[in-house]
Amino acid sequence: MSVYQLSICLICLVILPGCGRGTDFWKSRRPSTTVAKGIVTYRGNPLPKAMILFQPTDTTAVAASATTNAAGEFELRSFPPADGAVPGSYQVMIFKTDYDDPKYDVMPVNNNDPDYMKETADPQPVSLIPVRYNDPKLSGLTAQIPTDGTTALRFDLVD
């Protein structure tokens, strides 16, 4: 074994045992979170694939977000991928667009067309719920997450 190889082995033996052990510096300084689950409906039906954003009323607090499943259910996360939200008061925004429409997946491919590279307007997503729910000041939606958590958050959206 050469001196170089021996040096590398010794460095690895000294450095590597400390890697991955102990606590994460930033994670240990995060505020604690709690379970925060609920459901979103629109016109009485579950609202799937909707983005829900909890904006804290305290400007020093941490936001939380989630995407609803097929049953309109969601579980908030303040520090993804970990589940849970920081307890506190929130204003709520909900977004549901047609962005999963296939028209957004299509990219024109026609290299023989001289206008191929000219800029064209990208299709703009269309809101599938009233746009007032996109703004925390207009939505009227609020929530309180207690320190012991909740599974009873419910937002029933109407026109």
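Of the inter-residue distances, the one linking Thr67 atom OG1 with Ile52 atom CD1 reads 10.0 Å to the nearest 0.5 angstrom. Here the CZ-CG distance, from Phe155 to Leu157, works out to 9.0 Å after rounding to the nearest 0.5 Å.
Grouping Ile, Leu, Val, Met, Phe, Trp and Tyr by side-chain contacts under 4.5 Å, direct or through others, leaves Val131 on its own.
Hydrophobic cluster membership differs between Met51 and Phe79, with clusters built from Ile, Leu, Val, Met, Phe, Trp and Tyr side chains linked at under 4.5 angstrom.
Taking the side chain as every heavy atom from C-beta outward, Phe54 and Leu153 approach each other to under 4.5 Å. In this structure, the side chains of Val86 and Pro56 stay at 4.5 Å or more apart for every pair of heavy atoms. When side chains are defined from C-beta on, Val158 counts as touching Tyr133, because their heavy atoms get closer than 4.5 Å.
Proximity of a side-chain donor or acceptor of Thr68 to a complementary backbone N or O of Glu73 within less than 3.5 Å is not detected. Within the 3.5 Å criterion, the main-chain N or O of Pro48 finds a donor-acceptor partner in the side chain of Lys96.
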Which donor-acceptor pairs under 3.5 Å do side chains of residues 138-146 form with protein atoms, sequence neighbours excluded?
residue : atom : partner : partner atom : Å
Ser139  : OG   : Val92   : O            : 2.9
Ser139  : OG   : Leu141  : N            : 3.0
Gln144  : OE1  : Ser89   : OG           : 2.4

Scan the side chains in residues 33-47 for donor-acceptor partners under 3.5 Å anywhere in the protein, sequence neighbours excluded, and list what turns up.
residue : atom : partner : partner atom : Å
Thr34   : OG1  : Thr147  : O            : 3.4
Thr34   : OG1  : Gly149  : N            : 3.0
Thr41   : OG1  : Asp156  : OD1          : 2.5
Tyr42   : OH   : Asp159  : OD1          : 2.3
Arg43   : NE   : Asp159  : OD2          : 3.0
Arg43   : NH2  : Asp159  : OD1          : 3.4
Arg43   : NH2  : Asp159  : OD2          : 3.1

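Considering every non-hydrogen atom in both Met93 and Pro136, the closest pair reads SD-CD, 3.2 Å.
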